[in-house]
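In what follows, a structure is listed as structure tokens, so that the remarks can point back to it.
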Amino acid sequence: MERAAPRRAPHDHHLLFAPEPALGYLRALIAELGLEKLITSVEFPPWESLAKSARQRIRDSGPFVRIHCVLEWDGRDAERLRSDWELFAEELFVEAGVRPRLICCRPVFELWILLHYESVSASCDEGSWIRERVGGECSAEGLFARTSASLGIAVRRAQELARMRYAIDGDDTFPATPGTHLHELIVSWHKLARRVIV
């Protein structure tokens with residue numbers, strides 16, 4: 001009888017769930033950093049099927065040392081969403097031995113793109129205004145290429161918003177005011193690729 005060798009993930013193999021257009025942007029960044037073999041990226045499924053989708057990905061491509069979920073959140077139903085997330089995180093930890101990391105964009109992913117061009121007020125919680133301000137930038141191809149020259153600026157602006165949020169509430173999983181955690185993910189990928197953000 002032939003014995004199959006156990007499957008092992010490469011060192012630092014990651015799984016990423018993200019909505020469009022964030023997924024297109026992040027895939028282009030992954031390619032730019034040369035991390036395609038280390039990061040499996042898939043579209044964020046409807047919330048109710050996230051656990052099933054994660055289990056399937058773990059069976060098909062795992063194990064993973066990191067699992068990130070990029071979520072757009074408008075600030076509503078915080079307690080229900082927090083409860084659902086904690087249940088999902090615990091279930092995934094039991095299944096895969098990994099606690100997923102939530103990367104929240106409040107209210108929309110486009111806030112991250114806007115940070116490449118201008119500072120954003122912590123009171124700006126209107127997704128439609130942010131999308132209008134960004135215009136057609138997010139719907140077109142090559143979004144990462146068009147914004148990459150200002151990546152360092154966006155990271156610094158996102159960090160500043162995070163500092164303001166931490167001052168309000170130390171638990172920033174679901175931000176109390178507009179902002180994004182995308183800078184944390186992007187900084188960690190640059191470290192993984194041994195690249196510097198300028």
Side-chain angles (χ1 to χ4, degrees), residues 14-26 29 39 41-48 50-51 54 66-93 98-135 137-138 143-144 147 150-191 197:
H14 298 202
L15 174 62
L16 169 72
F17 288 99
E20 285 291 352
L23 189 59
Y25 173 92
L26 293 170
L29 173 59
I39 301 172
S41 57
V42 294
E43 188 167 357
F44 200 104
W47 183 260
E48 56 275 5
L50 177 60
R66 302 270 186 285
I67 298 174
H68 294 98
C69 298
V70 177
L71 174 72
E72 292 183 306
W73 179 54
D74 62 5
R76 289 181 287 190
D77 300 323
E79 288 309 312
R80 184 180 65 80
L81 190 60
R82 185 180 299 275
S83 172
D84 288 350
W85 173 256
E86 287 171 0
L87 188 64
F88 165 70
E90 188 57 37
E91 184 179 330
L92 205 60
F93 181 70
V98 176
R99 290 208 183 274
R101 171 78 169 105
L102 183 66
I103 306 294
C104 197
C105 297
R106 177 175 178 177
V108 290
F109 163 73
E110 286 85 349
L111 177 98
W112 169 251
I113 301 304
L114 188 58
L115 288 171
H116 288 71
Y117 301 107
E118 60 188 71
S119 295
V120 174
S121 165
S123 63
C124 176
D125 206 3
E126 190 56 51
S128 58
W129 180 86
I130 293 169
R131 285 189 169 125
E132 184 179 309
R133 190 87 176 115
V134 171
E137 193 77 21
C138 283
L143 176 59
F144 174 73
T147 59
S150 301
L151 185 62
I153 293 168
V155 166
R156 288 188 290 279
R157 287 176 175 157
Q159 288 169 333
E160 183 56 36
L161 280 175
R163 279 191 287 275
M164 288 189 285
R165 291 194 313 272
Y166 287 133
I168 296 168
D169 183 2
D171 179 7
D172 194 41
T173 308
F174 296 95
T177 58
T180 178
H181 300 120
L182 269 172
H183 63 285
E184 296 172 9
L185 182 61
I186 288 166
V187 167
S188 73
W189 285 353
H190 276 76
K191 286 180 182 173
I197 300 174

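The figures here come from the full heavy-atom set of this structure, side chains too, leaving out hydrogens, waters and symmetry mates. Numbering starts at 1 and runs along the sequence shown.
Residues Leu71 and Leu81 form a side-chain contact, since some pair of their non-hydrogen atoms from C-beta on lies under 4.5 Å apart. Inter-residue side-chain proximity for Pro100 and Phe17 is flagged as unmet; no heavy-atom pair is nearer than 4.5 Å. Side-chain contact check for Thr177 versus Met164: every heavy-atom pair is 4.5 Å or farther apart. Residues Thr173 and Cys104 have side chains not in contact (no heavy-atom distance under 4.5 Å, counting atoms from C-beta outward). You'll find the side chain of Leu111 stays beyond 4.5 Å of the side chain of Arg133, heavy atoms only. Within the 4.5 Å cutoff, the side chain of Ser41 has no heavy atoms near those of the Leu26 side chain. Two residues are said to be in side-chain contact when any heavy atoms from C-beta on lie closer than 4.5 Å; Val98 and Leu92 fail this criterion. A heavy-atom distance below 4.5 Å is not found between the side chains of Leu161 and His183.
In this structure, Leu114 CG and Ser119 OG are separated by 9.0 Å, a value rounded to the nearest 0.5 Å. Here His190 contributes atom NE2 and Leu185 contributes atom CG; the two are 11.0 Å apart, rounded to the nearest 0.5 Å. Atom CZ in Arg156 sits 9.0 Å away from atom CG in Leu151 (nearest 0.5 Å). Taking OG1 of Thr180 as the reference point, atom CZ of Arg157 lies at 14.5 Å (rounded to 0.5 Å). To the nearest 0.5 Å, atom NE2 of residue His181 and atom CZ of residue Arg101 are 5.5 Å apart. Note that the OH atom of Tyr25 and the CD1 atom of Ile113 stand 5.0 Å from one another [nearest 0.5 Å].
A distance-only check finds no donor-acceptor pair linking the side chain of Arg165 to the backbone of Pro175 [under 3.5 Å]. Remark: side-chain polar atoms of Arg106 are paired, donor with acceptor, to backbone N or O of Ala176 under 3.5 angstrom. Within the 3.5 Å criterion, the main-chain N or O of Ala154 finds no donor-acceptor partner in the side chain of His116.
Residues forming a ring pair (Phe, Tyr, Trp, His ring centres under 6.0 Å) with Phe44 (at least two apart in sequence, or on another chain): none.
Ring geometry, His14 versus His68: the interplanar angle falls from 30° to 60°, so the pair is classed tilted.
The two residues Phe88 and Cys69 make their nearest non-hydrogen contact at CE2-SG, 4.1 Å. Pairing each heavy atom of Ala78 with each of Trp73, the nearest pair is CB-CZ2, 3.7 Å. Minimum heavy-atom separation, Ala18 to Leu23: O-CB, 3.8 Å.
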Show the numbers, then the answer: is there a side-chain contact (heavy atoms from CB on, under 4.5 Å) between Trp112 and Val155?
CA-CA 9 Å; Trp112 169 251; Val155 166; 3.9 Å; yes
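Between Arg163 and Glu160 a salt bridge is recorded (basic side-chain N to carboxylate O distance below 4.0 Å).
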